[in-house]
Amino acid sequence: MRLRWSRLSPQLAMLPAVSITLIAFLGSIGWTILMSFTRSRRLPEYAVDWERPFRQYNRLFADAGWQISLTNLIVLALGSAMAIVFGFILAALIERERRGEDFFRTVFLYPLAVSLIVTGVAWRWIFNPQYGIQHVLQSMGWETAAFNWLNDPTTAMYAIIIASVWQSSGFYMALMLAGLKGINTEIWSAARLDGVGLFRVYFEIIIPMMKFTFLTCAILLSLGVIKAFDIILAMTNGGPGQSTWVPAYFTINAMANKGNLGYASAAATMMLAITLVVFLPLVLLTVWQQRAAKKGAI
Amino acid sequence: MSDAGVMFPRKPRRIRGRSIAVIVFLAMAAMFFCVPLYVLIVTSFKDMDQIREGAIFSLPIRWTWEAWRFAWFDACSGLSCEGLQQGFWNSVVILVPSLIASIAVSMITGYALAIWDIKWAGPFLFLLFLTAFVPFQIIMYPLIRLTVMMGIYGSTTAIAFVHTVLAMPVLTLIFRNFYKDIPSDIIKAAIMDSGSFWRIFVEIILPLSGNILIVVLILQITSIWNDYLVGVTFGGLGTKPMTVHLANMVTVSTGTVSYNVNMAAALLTAIPPLVIYFVLGKFFVQGIAAGAIKG
């Protein structure tokens, strides 16, 4: 009797996780995708609109706000990629110059422990046109200094990029540092003995060796960018106008402010599709990495 | 530069020009990273007269706790003017059940998947890996309906429930990967000895979990404390977390903006995770590495 119970309890213990996966994830995703093909407005309608099943998607892609959101997504991804470059430079320097490693690592990583709402408050204050950095530079004699980025639709996105690079560089530095420490130190000795210059060692040996780390960082960054919401809300709340909308913001806005369920569901489904497009390389990368490891190529 | 030093215990060496350049660059980067925190701190201790002079980097002429006191007790967030303290206690009340539920569920699931024969374990793990990346927006509305159906929408329970749902995939994978490396001899002996799922969990697994538990605990404390979206979506009147109160306070302030109060409020919100970070930084780094897929 006891034996049977002990065989049953592992399966029973899985029950919460399995029901969360089936209901809260798979069921919810299916429900939202279904909603995107209906004419639901404030309340869900379950009848799929067979005459024009893609009406929400057609509307979505005709919507200027959605086009801005997609453009900003790409701008944000490219801009935030600076965090990977910056993170690698910091990691490489910390790794070469071991003095103060703990101190620098602590300083570069602390933004990650802070809420993005707080990050937004701090950076908005720095960009404040009246009392912020613009005023400081102007009073120092640089009369034409213009750092009123957040109130200008053409520059607001760059201010958000600076804040998010500040926030996430430490994260990529930590991943890069782990990658750098995994590199066999004999490579350094060999390269230096051959008289290869420091920069060439990095560009021709170290960076190619860390291609998995770089790819992982790039994929994590893309997934993070798709989820970007808090930082937008705290920095600009989407404005000025719609100039800093991103898909995550667009979707929440369609749901919460416009109360248009079918429309918001179509946007959310597109977010999932973008995630999958980014996600597929991650799966392939994992497989590739395992194969490479088996061959002993790493 | 230091080839021998990497392979053998380091010998003290001369500081060379290149070394100095590297340290100077790192120090400048460190300054860039400290600027926002520095600006928050000095502004929060200034009075509004000095702030209006517009020297954002200057130190307070007269250090005052007034803005901090006001932010904590009196500042208005939405319609209520009871300060951030309400949001702080809401966050604490959200944190405790969220931590317990999310860690309990994923720990037991991770243990079952790592040690016991579970049907469909492989596909389920792959599914968890996939769900870890799902954007919150696509499950948000269905979860609202689900919590309404359960009769908990707007309560702390709803927020804790959603945190548990969102954390489950990543945490389960972390626990599973940790438990998988427990030597199988120990497990085999334990199964022969008692064979009970729960007894092995309590007597063998729990005592071995100290390290991973701290890592996960820190990961979860910071991410739950810093969460905004779940709190604002699933919280109701009187249950919204501190981040939501802060966001309302700094955006919907009418009349003249008290920047010093806003900065003090931001710092008050940031202090709990920062304290944890500076005290237990080592575990924090392990946590973000383990939870990297969380993004």
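Below, chain A is the first sequence line, B the second, and so on; all start at residue 1.
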Legend entry - Under 3.5 Å: donor-acceptor pair, side chain of B:Tyr259, backbone of A:Tyr131: no
Legend entry - Ion pair check, A:Arg105 and A:Glu95, cut-off under 4.0 Å: no
Legend entry - Per-residue contact mode, A:Met271 against chain B (heavy atom under 4.5 angstrom): both
Legend entry - Portion of A:Phe25 that has a non-hydrogen atom of chain B nearer than 4.5 angstrom: both
Inset, instruction - Give the member of A:Gln130, A:Met255, A:Gln134, A:Met14 that has the highest number of heavy-atom pairs under 4.5 Å with chain B. - result: A:Met14
Inset, instruction - Look at atom OH of A:Tyr46 and say whether more than 12 heavy atoms of other residues, nucleotides or ligands are closer to it than 6.0 Å. - result: yes
Legend entry - A:Trp31 portion near chain B, given a 4.5 angstrom heavy-atom threshold: side chain
Inset, instruction - Answer with side chain, backbone, both or neither: which region of A:Trp123 has an atom nearer than 4.5 Å to a non-hydrogen atom of chain B? - result: side chain
Legend entry - Side chain / backbone / both / neither for A:Phe104 at chain B, heavy atoms under 4.5 Å: side chain
Inset, instruction - Determine the option with the most heavy-atom pairs under 4.5 angstrom with chain B, choosing from A:Ile89, A:Ile226, A:Leu112. - result: A:Leu112
Legend entry - A:Leu26 portion near chain B, given a 4.5 angstrom heavy-atom threshold: side chain
Legend entry - Segment of A:Thr275 engaging chain B (4.5 angstrom heavy-atom cut-off): side chain
Legend entry - Under 3.5 Å: donor-acceptor pair, side chain of B:Ser196, backbone of B:Arg199: yes
Legend entry - Proximal component of A:Leu15, with respect to chain B [non-hydrogen, under 4.5 Å]: neither
Inset, instruction - Give, as side chain, backbone, both or neither, the part of A:Leu261 having an atom under 4.5 angstrom from any heavy atom of chain B. - result: side chain
Legend entry - Between B:Ala29, B:Gly281, B:Ala112, the one whose heavy-atom pairs under 4.5 Å with chain A are most numerous: B:Ala29
Legend entry - chain B contact via A:Ile23 - side chain, backbone, both or neither, heavy atoms under 4.5 Å: side chain
Inset, instruction - Quick one: which of A:Ile33, A:Leu93, A:Leu276, A:Val107 has the most heavy-atom pairs under 4.5 Å with chain B, could you say? - result: A:Leu93
Legend entry - Region of A:Val18 that comes under 4.5 Å of a non-hydrogen atom in chain B: both
Inset, instruction - Name the region of A:Leu221, side chain, backbone, both or neither, that has any atom closer than 4.5 Å to a heavy atom of chain B. - result: neither
Inset, instruction - Considering non-hydrogen atoms only, spot the tightest contact between B:Asn260 and B:Lys46 and give its length. - result: ND2-O, 3.1 Å
Inset, instruction - Using non-hydrogen atoms and a 4.5 Å limit, figure out which bit of A:Asn128 sits close to chain B: side chain, backbone, both or neither. - result: side chain
Inset, instruction - Examine whether an atom of A:Ala248 lies under 4.5 Å from a heavy atom of chain B, and if so say whether it belongs to the side chain, the backbone or both; otherwise answer neither. - result: both
Inset, instruction - Using modelled atom types only, decide if a donor and an acceptor are shared between the side chain of B:Asn226 and the backbone of A:Ala113 within a distance under 3.5 Å. - result: yes
Inset, instruction - Verify the neighbour count for atom CE of B:Met150: are there more than 12 heavy atoms of other residues, nucleotides or ligands below 6.0 Å? - result: yes
Inset, instruction - Would you confirm whether B:Asp227, through its side chain, and B:Gly231, through its main-chain N or O, come within 3.5 Å as a donor-acceptor pair? - result: yes
Inset, instruction - Please look at B:Tyr277 and chain A and tell me whether the side chain, the backbone, both or neither of the residue comes under 4.5 angstrom of a heavy atom of that chain. - result: side chain
